[in-house]
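Note that the coordinates shown come from a computational prediction; the quantities given were computed from them, not determined experimentally.
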Amino acid sequence: MDVKNSSEIQTSLVFCVNGDKFELSKVDPSTTLLEFLRTQTRFKSVKLGCGEGGCGACVVLISKYDPLHNRVDDFTASSCLTLLCSIHGCSITTSEGIGNSKQGFHPIHERFAGFHASQCGFCTPGMCVSLFGALVNAEKSSSPEPPTGFSKIAVSGAEKAIAGNLCRCTGYRPIADACKSFAADVDMEDLGLNSFWRKGESKEGRLSKLPRYDHNHKNIEFPMFLKEIKHDLFIASEKHSWHKPASLKELQSLLELNHANEIKIKVVLNNTGMGYYKDKQGYDKYIDLTGISELSKIKKDQSGIEIGAAVTITKAIEVLKFQNKNDFNSDFVMILEKIADHMNKVASGFIRNTASVGGNLVMAQKSKFPSDIATILLAVDSMVRIMTGSKFEWLSLEEFLERPPLGLECVVLSIKIPSLETMKSESSNTKSRFLFETYRASPRPLGNALSHLNAAFLVQVSPCKDSEGTIIDTSRLTFGGFKTKHAIRAKNVEEFLAGKLLCVSNLYDAINMLTDTATANIPHDEASKNAYLSSLAVGFLFQFFNSLIDSPAKINNGYLNGHTNLPPVEASQNHVQPNIFPTLLSSGKQILESGCEYRPIGEPVTKSGAALQASGEAVFVDDIPSPINCLHGTYIYSSKPLARITSIKIRQELELDGVRGILSSKDIPKGGENLGAKSIFGSEPLFAEDIARCVGERLAFVVADTQKLADMAANSSVVDYSVENLEPPILSVEDAVERSSFFEVPPFLCPKYQIGDVSKGMAEADHKIVSAEIKLGSQYYFYMETQTALAVPDEDNCITVYCSSQCPQSVHSTIAKCLGIPENNVRVITRRVGGGFGGKGARSVATATSCALAAHKLQRPVRMYLNRKTDMIMVGGRHPMKITYSIGFKNNGKITALHLEILVDAGIYTDVSVIMPRNIAGALKKYNWGALSLDIKLCKTNLPSRSAMRGPGDLQGSFIAEGIIENVAATLSMDVDSVRSVNLHTYTSLKEFYDDSCGEPLEYTMPLIWNKLAVSTNYELRVNKVKEFNSINIWKKRGISRVPVLYELNLRPTPGKVSILSDGSVVVEVGGIELGQGLWTKVKQMAAFALGMIQCDGSGSLLDKVRVVQADSLSLIQGGLTAGSTTSESSCEAVRLSCNILVERLKPIKNKLQEETGSIKWEALILQAYMQAVNLSASSYFVPSKNSMKYINYGGAVSEVEIDLLTGETRFLQTDIIYDCGQSLNPAVDLGQIEGSFIQGLGFFMLEEYETNLDGLVLQDGTWNYKIPTIDTIPQQFNVEILNSEHHQHRILSSKASGEPPLLLAASIHCATRSAVKEARKQLLSWSNLDESDSTFQLGVPATMPVVKELSGLDIVQRYLKWKMDNK
């Protein structure tokens, strides 16, 4: 055996984090960098968002010395996938390392804060590091020196720097602005609202006010000692070892030795595959291949380019993109560029930086990973060099993929892309040229999403001798993504096309043949998905050949110019438009007025703590250091919808290795209750007792020494079930109706089910639609911070619980009841929540209660951070529903009567579902239906309990109204906008439908907004432009839609407490919880305004003296629930009342001092008050009066979209919103809420599928298959105007809420998409010579790519070609 002398091998792991040196001699090789940073260092800015490399919350900058080139390479990476042992010799920089509150924030942090680009703040540190990495690498480029204060990075690069990072709060637009502000080519006018400058300032003035960026300054110097570190590494612990061989010979020796001993080995490069395959088994030995230099080499000669298997995708892109044209044939250079461009859309930047080309192909070969890279390399006839034992061989990529899965003894060494000379056919014409193109249909254009299907085509063509046409000499047509198959070639189509003239009829035959091939390669269990994939394959092939049929001149120097030099839109009727996104992903204009009457109220003050959030110093629950002896827990949940639990077991070896207990309903203490949540509406158990009543129901709580071990134990658990003597589960609303399984709605929550006389309205109608249906699915919260809590037992049977919850009061009382102790023994603390959206309301209670129960029983601290998959399976999400309606209407579109039957799937327990009927009805009534009758049933099913999610019921009700209006317009063949307009309320009808919340006539701003939208967006002109576009474009269609929103809001009682300390600083406590919605910021402004009424001299605003502190359920009781959008204003009013008390107490002292001295400063006044023993702490409980409890918010949006008829992709071109905020308490905060809420709604309507299998188990359980919006899926032009409407004495300083209503405006995107689909269907009918209308179709929610494509015509290409042949 050839293994190095132990003295030559490094036996301790050495690296740096933010300049701190770490040297570890014992490491569990399965430990990730994220795990180490969060548990063993003080740096907590890296967050666990998904554990899959899919969200960017854990991104760090890794700096690595390259001795060969004597340089330091800097690259971003997902720390949740990076194994700790793989960073030997590296320097790690987190967001705290870039800058912090102690040493000074980095301009990135300051600009994120100043551009209002951080709301909950959980994702912000990862965003900052992603941008920092891009800036660091931009400065190394050969680009010209930028102007002072700017980076070398371009605007497009700055935006794309965060393309892989997810944010659920902001809507991305302000984040994009913060990033773009560093770019040398930025248009300062394009940058949106910020706290640095005011509108109208010059470019120079604006630049001077931006936090200074010095592109030559490097925050973290690479530690010199790391350059001397030996890179051969051997780390051994009791059970595991990590080896880093430096040569293939060493690798062979290791593999041979271990093969003989049957040791479990994991061969790793950078471990990114773990994000997809979640490899749960343990390994004895890890072998790191990155030390073998041969695997990282790139060689090029006339025969092609050979890329080492360990070369990262990012490095491969650089090499392929910048090949010298002198080295290779120009055709080949451009093919390499196309391969690089396609690779740039694989995964996200921080994954591409560490994922290797070889690793990607091995996953495709061994595990059928749907690899884009395998597809594009297969098209260019790539070769793979592998080592099996001591044997080396070259295989074609095709042979490699078709082999049985590789064994451990097989190692891929390199991949070769052969030059074109090796590919030319023997009979090829001297004038022959190569054409090459790659394709991918993906929910996200810039990557960070697997493609539905990918393809690559390499075709050799030559001029036809007998005509002007083009002959196809040879072709390689490859497709990837046919589910259970690896990348394949369509060989029968290749053979058919060989030697054929490129013409419509041959293309038609080839496409029919391809359809048969595709169908044969797709599993038959999912018919609709099969049809979509087959249609995509056809669309790609058509897109490739179609533009060449009529214009052989497009074949220029072997390059398919159709991608770059297509004629303008007007001339391209027959040709497919290139799918090129503009340089700028996002742009926007913001129109708002700052209030000046109640300063600092009404000013766009920067969010409280935004810079701390950006640097990662803001403390979330899981950032609190673990107390001594702390244990970690997670759930074992039911995998059956209705079954008796007979036993629960976990693997025996885990029980011996750190698992400290499994708690269930049997462990509830004497005198306690098995209670997981309780409200006036109902309760649910903490754990199932004998029978599990839905998939995802909590069965037991596993407690172990680490979170990783607890998760492993839960994953390895075996639950035995029995269904004997149990009825079948109720798994649909139809089942619930059949078995009369409903929840009762309390009378005080029932809406007005009857308005007007429906029978009379129906009799007056000219037309009727009877028993039409709409179905709406669910949506997952996707808060970036999952459910989490920490419980610490205290003296005298007391307990303190830190939790991420929107309702600490409910957590408090539930824990007391569960443990059977008085409420004064329980203390619940919530500082901030990493995103809530309703999911941290009732659903958070059980998390905290479980930790409290375990801590109480074991008398040790217990914490939990629920993994993303478990969270997605258990949490429930938005309520699905089935709607049946009958409607009568006049010839002019005026509706006379509407009857609705709505079945709401509430799941197994009540939760807060009883609020749904009232909310649905409230949003639905936004139009004047003439007469309205409602029958809303809450169905009790054996599915996870649904809970409130942002705009619960309101979102669905508003969309139902739009769906009905769309159907009426379609039936009448009328313009849908005119049907909307004719059915908008007058104030008289508004009063009839909203009798207790309509307010005064001047408050009804909907007509003003509706008309203002038409003017400000040039609506009529744009409608005509859309029509013109659609008339001259075959393969792209556009739609535009204008939608109104009316949203009923209710204020709830809220407490507040204000204390003035002896130095004049102010501490504020409120019942409302900071979720990212800017509640603390508005409260600070209110405290500064209200205390400022004392009018001391020279104090200016007191804003900087105010601090809002965490919610403490013993310090401030009756905190209530932070929900319904109005908690910020209620908390502000509670604070104002408290401040008024303090001002009254201070006035006599102030007046007396003023008489004596003539002037009085704030600090002197407070000091005097202390000396006179004045009580400077005041609390209040704001209870809204009857005439201020309810009001309506109004808004409107115009959205324009473009759909691709070949893929079903929808691009969101522009959205314009006008929203009535009353007199905004903080327009910057409200703007963020409007944009973020709208984008979350866009996700519901267009992107986010949250489906279950037949048992109710969630199918979308992670970032790989649940797709929230990203920066490349928001409107490219996103304009918002905040309307400051009239003053109103009954509202909090005349303000209105902004958290939820704008969510409903996202229906404008869906309606615009429907309009575009309608045009596609009209075109499809015209090819069949049919003129009849086909506009009463249903566009599903979400309108994903397959949904849009199916309605636009899965066989659109075949029908087009047939029409073309028939009309020659």
Side-chain angles (χ1 to χ4, degrees), residues 677-684 730 733 736-737 739-759 807 809-810 813 838 841-842 879 881-885 898-926 929 931-941 945-949 951-958 960-961 990-999 1046-1054 1118 1120-1121 1123-1126 1130 1183-1192 1300:
K678 186 174 179 63
S679 69
I680 58 168
F681 309 133
S683 62
E684 67 176 87
I730 298 170
V733 290
V737 170
R739 288 162 63 177
S740 298
S741 177
F742 304 114
F743 289 113
E744 196 173 325
V745 180
F748 74 95
L749 282 173
C750 288
K752 201 170 172 183
Y753 285 121
Q754 184 86 28
I755 299 171
D757 187 336
V758 171
S759 302
C807 51
Q809 178 190 335
S810 182
S813 59
H879 290 76
M881 55 187 71
K882 179 184 177 183
I883 304 97
T884 307
Y885 66 90
L898 171 64
H899 172 69
L900 282 145
E901 293 173 10
I902 301 175
L903 300 174
V904 179
D905 187 343
I908 189 62
Y909 299 113
T910 323
D911 199 279
V912 294
S913 294
V914 290
I915 67 169
M916 291 295 287
R918 190 184 66 184
N919 290 7
I920 292 168
L924 184 73
K925 295 185 297 186
K926 66 178 179 176
W929 304 109
L932 172 67
S933 68
L934 296 165
D935 178 8
I936 304 175
K937 289 185 171 70
L938 290 182
C939 300
K940 181 179 180 180
T941 60
S945 298
R946 305 296 175 176
S947 194
M949 181 171 179
D954 306 272
L955 179 65
Q956 294 97 324
S958 189
I960 291 164
L990 183 81
K991 209 165 180 180
E992 184 185 358
F993 279 75
Y994 295 94
D995 53 352
D996 58 348
S997 58
C998 61
L1046 279 71
Y1047 197 107
E1048 271 191 302
L1049 288 146
N1050 294 273
L1051 272 71
R1052 287 188 303 277
T1054 308
Q1118 296 173 286
L1121 170 67
S1125 301
T1126 57
S1130 298
V1183 180
S1185 61
K1186 192 178 179 184
N1187 57 4
S1188 68
M1189 191 179 290
K1190 283 187 174 186
Y1191 63 85
I1192 302 176
E1300 291 170 295

Identify every side-chain donor-acceptor pair in residues 905-913 under 3.5 Å, counting partners at least two apart or on other chains, and give the distances.
residue	atom	partner	partner atom	Å
D905	OD1	G907	N	3.1
D905	OD1	T941	OG1	2.7
Y909	OH	E697	OE2	2.6
D911	OD1	S947	OG	2.7
D911	OD2	R843	NH1	2.8
D911	OD2	S947	OG	3.4
S913	OG	H879	NE2	2.7
S913	OG	T910	O	3.2

(message) Would the distance check show the side chain of S933 and the main-chain N or O of H899 forming a donor-acceptor pair, the cut-off being under 3.5 Å?
(response) no
(request) Would you mind reporting whether D996 and E1048 have side-chain heavy atoms less than 4.5 Å apart? (result) yes
(message) I'd like to check the side chain to side chain donor-acceptor pair (under 3.5 Å) partners of S679; sequence neighbours left out, ordered by chain and number.
(response) none
(message) Please enumerate all residues that pass ring-ring contact (aromatic ring centres under 6.0 Å, His included) together with F993, with sequence neighbours excluded.
(response) H985
(message) Main chain of N1050, side chain of T1126: is a donor-acceptor contact present, judged purely on distance under 3.5 Å?
(response) yes
(message) So for atom NZ, which belongs to K925, do other residues, nucleotides or ligands contribute more than 12 heavy atoms lying within a distance under 6.0 Å?
(response) yes
(message) Between Q809 (side chain only) and G1120 (backbone N and O only), is there a donor and an acceptor less than 3.5 Å apart?
(response) yes
(message) Just verifying a value: how many Å separate I920 CD1 and I902 CD1, rounded to the nearest 0.5 Å?
(response) 5.0 Å
(request) Rounded to the nearest 0.5 Å, what's the gap from CG on L934 to OH on Y753? Could you check? (result) 8.0 Å
(request) Output all residues satisfying side chain to side chain donor-acceptor pair (under 3.5 Å) with S958, sequence neighbours left out; order by chain, then residue number. (result) K926
(request) Could you tell me whether the side chain of Y994 and the main chain of G922 form a donor-acceptor pair under 3.5 Å? (result) yes
(message) Any side-chain to backbone donor/acceptor pair from T1054 onto R1052? Under 3.5 Å, distance only.
(response) yes
(message) Distance check, rounded to the nearest 0.5 Å: W929 atom CH2 versus L924 atom CG?
(response) 6.0 Å
(message) Rounded to the nearest 0.5 Å, what separates atom CE in M881 from atom SG in C939?
(response) 10.0 Å
(request) Quick one: list whatever passes side chain to side chain donor-acceptor pair (under 3.5 Å) with D757, sequence neighbours left out. (result) none
(message) Could you work out, with side chain to side chain donor-acceptor pair (under 3.5 Å) as the rule, every residue matching S759, not counting sequence neighbours?
(response) none
